[in-house]
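Report on one structure; see the data block that follows.
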2 protein chains.
Amino acid sequence: MAAASKPRATGTVALTTLAGEELGSAAQRDRRKRIIDATIALASKGGYDAVQMRAVADRADVALGTLYRYFPSKVHLLVSSLAAEFERAQDKMDRTTIPGENPYERVLFVLGRITRGLQRNPHLTEAMTRAFTFADASAGAEVDTVALLMERMFTKAMSDQEPTEEHKAIARVIGDVWLSNLVAWVTRRATATDVATRLELTVRLLLA
Amino acid sequence: MAAASKPRATGTVALTTLAGEELGSAAQRDRRKRIIDATIALASKGGYDAVQMRAVADRADVALGTLYRYFPSKVHLLVSSLAAEFERAQDKMDRTTIPGENPYERVLFVLGRITRGLQRNPHLTEAMTRAFTFADASAGAEVDTVALLMERMFTKAMSDQEPTEEHKAIARVIGDVWLSNLVAWVTRRATATDVATRLELTVRLLLA
DNA sequence: GACGACTATAGAACGTGTTCCAGTTTTGCC
DNA sequence: GGCAAAACTGGAACACGTTCTATAGTCGTC
């Protein structure tokens, strides 16, 4: 549900070209959904390289030009899809009670859970990660949306209260480390275990 | 990012990188240097997009095929150039006495210095950063080289001694945060000041 | 100083992201 | 319903990373 509700507390996020959810007709919302679904399907099967614009258009049953009207580049498309997936994941997380006595344990729980989720679909993760970090300034807004979602996820894990400045700073650091480790995992410089270990170590340095 | 560059399976050794120039003849070492110089010049002028393989070959006065013999892809080329630049910077750093009473101050000094250096050449930084994070597994070795150089730089900043496990972990976290902030800076989601502030904050959380 | 094996060169060719175009359909409005 | 504007379509065209081919140069070995 919350896919539609994007109640960014402070200042609405620039709606991402036509990619914003406030699209006019039902047909348009449907087209957009088909496009994102096609993107995720292709990315899940073959990663970044398999998300070919012609293939996406084909599979979503729209013309190539239409695809580009909705998403002005492959990176926009992938990052927007990432945002969609992220929101799905967060909705699920929001309906979960995060166990743990303290921020340290709770953050570890959230991290473990997301990380396992990503490892379950390596191709998709590869596609999303590479798009996210390859984005140039023109996709800044979309990237920022995702970055905010991520930060919010970690601050929420630490405490249900309005986050303190320190918690925000810590959340950002964790997010940064997480991203770097994803990049390392995608290039196979780090195994899943490496990633888990390093995240744990980081959280310990920051929160223990 | 275009065609598949995976099945170059022949048993040839990747002479394509490595700080150590095992390259045979003087002519070959010279060609390699011309290529890297051309890459850095083009990247400095126009960033990632301006580093076009035909343009690099032209400027380095080698044939396109030769360029590809030395560096099997644009990403390899850019990451190898990054490694070269990094070594230059580190040499300079090694000849400097890092001021500061404690690891905290010393790491901040090093970070500030590098960050200012990067900001002095935004296009080059953009090209390098994007190549580094966009790399796929086939460039894992090159990327790893750079990652190690980076880690070493921070551990050395913390102390001249053999680094402890904890210092290594901290160095890695700092490197991760640094990379993420570079990505944010490149997409213009963060200003130079933002980056400086966040790095400082991170170091404080870890070392103060 | 001739031979064979690499290596380099020029350029064509190919794949995929992106742009453009001419024609058609849908939408919003009277 | 009629009409202009906007959106969609199929397809051609273009740019740049990458690969391939045919030819020519270079270097080590006899």
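Keep in mind the model is a prediction, meaning the values are calculated, not measured.
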**Message:** dA7(D), OP1 or OP2 - any side-chain N/O from Tyr70(A) closer than 4.0 Å?
**Reply:** no
**Complete:** To the nearest angstrom, the CZ-C1' distance between Arg69(B) and dC6(C) comes to 7 Å
**Item:** Basic-acidic side-chain contact under 4.0 Å: Arg172(A), Asp176(A)
**Value:** no
**Separation of atom CD1 in Ile35(A) from atom C1' in dT9(D), rounded to whole Å** = 13 Å
**Request:** Select base, sugar-phosphate, or nothing to describe what Val56(B) touches, counting heavy atoms under 4.0 Å on all strands.
**Result:** nothing
**Message:** Pick the closest DNA chain C nucleotide for Arg34(B) and for Val51(A) by heavy atoms, then say which residue is nearer the 5' end.
**Reply:** Arg34(B)
**Request:** On DNA chain D, check which nucleotide each of Asp49(B) and Thr66(A) is closest to and give me the residue with the more 5' one.
**Result:** Thr66(A)
Could you pull out the protein-nucleic contacts involving nucleotides 18-28 of chain C (nitrogen or oxygen on both sides, under 3.5 Å)?
{"residue": "dT18(C)", "atom": "OP2", "partner": "Tyr68(A)", "partner atom": "OH", "Å": "3.0"}
{"residue": "dT18(C)", "atom": "OP2", "partner": "Lys74(A)", "partner atom": "N", "Å": "2.9"}
{"residue": "dT18(C)", "atom": "O5'", "partner": "Tyr68(A)", "partner atom": "OH", "Å": "3.4"}
{"residue": "dT18(C)", "atom": "O4", "partner": "Arg54(A)", "partner atom": "NH2", "Å": "2.9"}

**Message:** Expressed as a whole number of angstroms, how long is the span from Asp58(A):CG to dT9(D):P?
**Reply:** 12 Å
**Asked** What's the CG-P distance between Leu67(B) and dT19(D), to the nearest Å?
**Response** 12 Å
**Asked** What does Asp61(B) touch in the nucleic acid at a heavy-atom separation under 4.0 angstrom: a base, only the sugar-phosphate, or nothing?
**Response** sugar-phosphate
**Message:** For Phe134(A) together with Tyr48(B), are the ring centres under 6.0 Å from each other?
**Reply:** yes
**Asked** To the nearest angstrom, how far is Leu77(B) atom CG from dG17(D) atom C1'?
**Response** 12 Å
**Request:** Starting from P on dC8(D), measure out to CZ on Arg32(A) and report it in whole angstrom.
**Result:** 13 Å
**Prompt:** Just how far is it from atom CG of Asp144(A) to atom CZ of Arg188(B), taken to the nearest 0.5 Å?
**Reply:** 13.5 Å
**Ion pair check, Lys33(B) and Asp37(B), cut-off under 4.0 Å** = yes
**Message:** One thing to verify: whether Lys156(A) and Asp94(A) come together as a salt bridge, which I'm taking to mean a side-chain N less than 4.0 angstrom from a carboxylate O.
**Reply:** yes
**Message:** With a 4.5 Å cut-off on side-chain heavy atoms, are Gln52(B) and Leu42(B) touching?
**Reply:** no
**Request:** For residues Met153(A) and Ile114(A), determine if any side-chain heavy atom of one lies less than 4.5 Å from a side-chain heavy atom of the other.
**Result:** yes
**Request:** Could you check how far OH of Tyr48(B) sits from C1' of dG17(C), rounded to whole Å?
**Result:** 13 Å
